[in-house]
Peer 1: 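A single structure is presented below for examination.
Remember, it's 1-based here, ligands and their atoms both numbered in the order they're listed. The chain is numbered in sequence order, starting from 1.
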Amino acid sequence: MISFARSLVALGAVLAATPALAQVPGLLPVPAELHAGKGALAVSGKTALVVPDGDAGARNAAERLAALIAESRGLKLGVGSRASGPSIRFVRAATGKPESYRLDVTPRGAVITSGDDAGLLYGAVTLWQAMTQVPGKGAVEVPAFGAVDAPRFGWRGLMLDSARHFQSPAYVRKLIDWMAVNKLNTLHWHLVDDQGWRVEIRKYPKLTEISGWRHPATAPGAPQLPRVGGYYSQGEIRGIVAYAAQRNVTIVPEIEMPGHALAAIRAYPELGTGVPIPPGTESDWGVFPWLYNVDDKTFEFLEDVLDEVITLFPSKYIHVGGDEAVKDQWKGSAEIQARMKTLGIKDETALQAWFMHRIGEHLTKRGRKLIGWDEILEGGQVPPDATITSWRGIEGAITAAKAGHDAVLSPSPTLYFDHRQGAGDSEPPGRLDVMDLKTIYGFDPVPPEIPTAQQHHVLGLQANLWTEHVRTEERAAWMTFPRASAVAEIGWSGKGASDFNGFVDRVIPQMARMHGLGLNAAISAFQVKTDVDYAPGRDDVTVSLANQAGLTMRYTIDGSAISAKSPVYAGPFKAKLPFELKAESVHDGRGVTGAIAQKVTQQSVRWRSDEALKTCTNRVVLALEDDYPASGKRAVFVSDIFNPCWLWEKAPVGGARQVAITVGQIPFNFQVGKDRDGIKFQTPATPEGEFVVYADKCEGPRLAVLPLAPATGNPGLTRLVAPLAPRAGTGTLCITYTAKGVDPLWAIDAVELIS
Ligand code: ACM
């Protein structure tokens, strides 16, 4: 289940509207050097932004600052080359490393100095952060301070998957805005994959005509969902690339090969190995078997595509994928085997290496550099100056650096933002395990396994937002921030990025600032989570509260609103049923996310959402969205798709005479190869199958059987009710179902014990 009612709106009110701050403001990423000054600079609509005559980079930085401050505070600052009163001056002078800057704020004015355009822009971003430390509109006083700042890494990135789900150009621009104010500078744009081709290629129009749209998968018998998709015209891409450049964001496009190629093969079947494509496959997730063939004509196609991509993206790097190319179709193709023999290539892994090498040569001819996922290290023929995106953990980066190749660290699962960042009904669909804010912040991009002499090969880090389970832009934003701010700080601040509590102090105002730029960031790290422990026969419960960020929490249990006088949570407490629990996290004396409120009753303690159940196993656990209804709210189900089976630990079974399970059905739309045959179910006793409840472990006594017949024709949720064999006290319930096959997957929305 899901609700998006709350957002960080409340963060806007975190700090009282004091006219000036007494200390250096909480800047993110934290600058390398900061020193407090005396007094404050008053900034109003009269404050001028002064740039050297004819300096386009300085003018761009000043205009960005003017636009940001207009959006955040409604202040309109003019840009010119002279000023009489206090002003904000942009000065071009060497400051050291690329993107470095100096910022000096005194009561007489502010000066931003840098030797490059990026540094001037980042000085402006830091000043904007200082101006928006206190939320509000109009004139503002910025405390005097100085910053001397430079990034730790040159690659501070995010990857956006626009292939699985398409995001509008307006969203991509917003994302670039949000990146820029965190000093993130690289957007790796995943533009093609099995499920969609998103970049207009003039020479091959069928790529977007055929593979720009698809119907999402639905369970057997469920109504078809409207088609989804879209693509970026070359004009739109040019506009986005220019927009990004103004914000010091380089877009690195990715064109996948030789796997993840279904979208291209659907459009031009002659590019494949001849294996037919079953209808509907394009809405599956997982690792597909379809590969490009290795004919010269296919290379001609790929080189043509890359040539058009190169005209759109000025980036030095062009990403060519290379991941997850299962070789079955190459093994099974007589033509490909014959070609391998002619070329003297010993196996299919070496064939992929030859493939990537050939593409690398083409990019070199065009003056660009190849970057690929870490599989391109295999097969003994890595293109000589190839750069590696290390995703299967950090090993790819270690191997690459030792072999003299540059690497970007984006290890799964830590920097995979398709993983959920918390548990509970307010989280959108995604993968599990949870990758929370603290886990991201704790990531070290330079593992000790890389010898000191090779550490310069680490270009930096990036987080990847894969979007199989991220259907909407609202969810894409939620999955990205605030975790991307942690990546930004690790990538920029070096040793400064070691104190999680300090980061929390900075990220809370940062999310409030960014709310003013249209971002509704995830509140997962700050929101209070409750655990209510109940034993049958009692009239009280034990309540535990927690939040990921380690913030102080206040609560009430008498229905009253939380105030500064409410008790501070000091550990688990007892409360008598029924009561209303309100709780919130507190930062700088203010509530952070708005209070949670829940009624705790004799009935609620006997009810569990699927979010609060455990899965029996932890093979591939996903929070999957229902395929129904087409519009409006849909359920989200947590399930191990390789073993749909759930545990309710410490279930208060004593006195319960019935069990109710609310269930839904979703398509099994996963390309998992032969693993599909390994997913086993018990044999159904009725034609439609049934949910079964066992005591203790899943081999324990059978307590209830709930036939699925009433749910079978219903694409939405169905509440099944059945008698429960009597048990005493509390115990673990194991819930699973019988079935003839994997499609549909049945899933639990909630379970209730009824006395
Ligand atoms: C990847 O996650 N397949 C790069």
Peer 1: Donor-acceptor check, side chain of R420 to backbone of P428, threshold 3.5 angstrom: yes or no?
Peer 2: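 Flag set: sc R420 to bb P428 pair under 3.5 Å.
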
Peer 1: How would you list, by chain and number, every residue that makes a side-chain contact (heavy atoms from CB on, under 4.5 Å) with P258, sequence neighbours excluded?
Peer 2: A325, W330, Q352, F355, M356

Peer 1: Please say whether more than 12 non-hydrogen atoms of neighbouring residues, nucleotides or ligands are located less than 6.0 Å from NZ in K369.
Peer 2: yes

Peer 1: Check side-chain contact (heavy atoms from CB on, under 4.5 Å) between Q234 and all other residues, then give those that pass, not counting sequence neighbours.
Peer 2: E200, R202, R238, E308, L312

Peer 1: Could you tell me, for ligand 1, which of its N or O atoms are under 3.5 Å from any protein N or O, listing the pairs and their distances rounded to 0.1 Å?
Peer 2:
residue  : atom  : partner : partner atom : Å
ligand 1 : 2 (O) : Y416    : OH           : 2.6
ligand 1 : 3 (N) : D323    : OD2          : 2.6
ligand 1 : 3 (N) : E324    : OE1          : 3.2

Peer 1: Take a 6.0 Å sphere around NZ of K297 and say whether it holds more than 12 heavy atoms from other residues, nucleotides or ligands.
Peer 2: no

Peer 1: Which donor-acceptor pairs under 3.5 Å do side chains of residues 399-408 form with protein atoms, sequence neighbours excluded?
Peer 2:
residue : atom : partner : partner atom : Å
T399    : OG1  : E395    : O            : 2.9
H405    : ND1  : A386    : O            : 2.8
D406    : OD1  : H457    : ND1          : 2.7

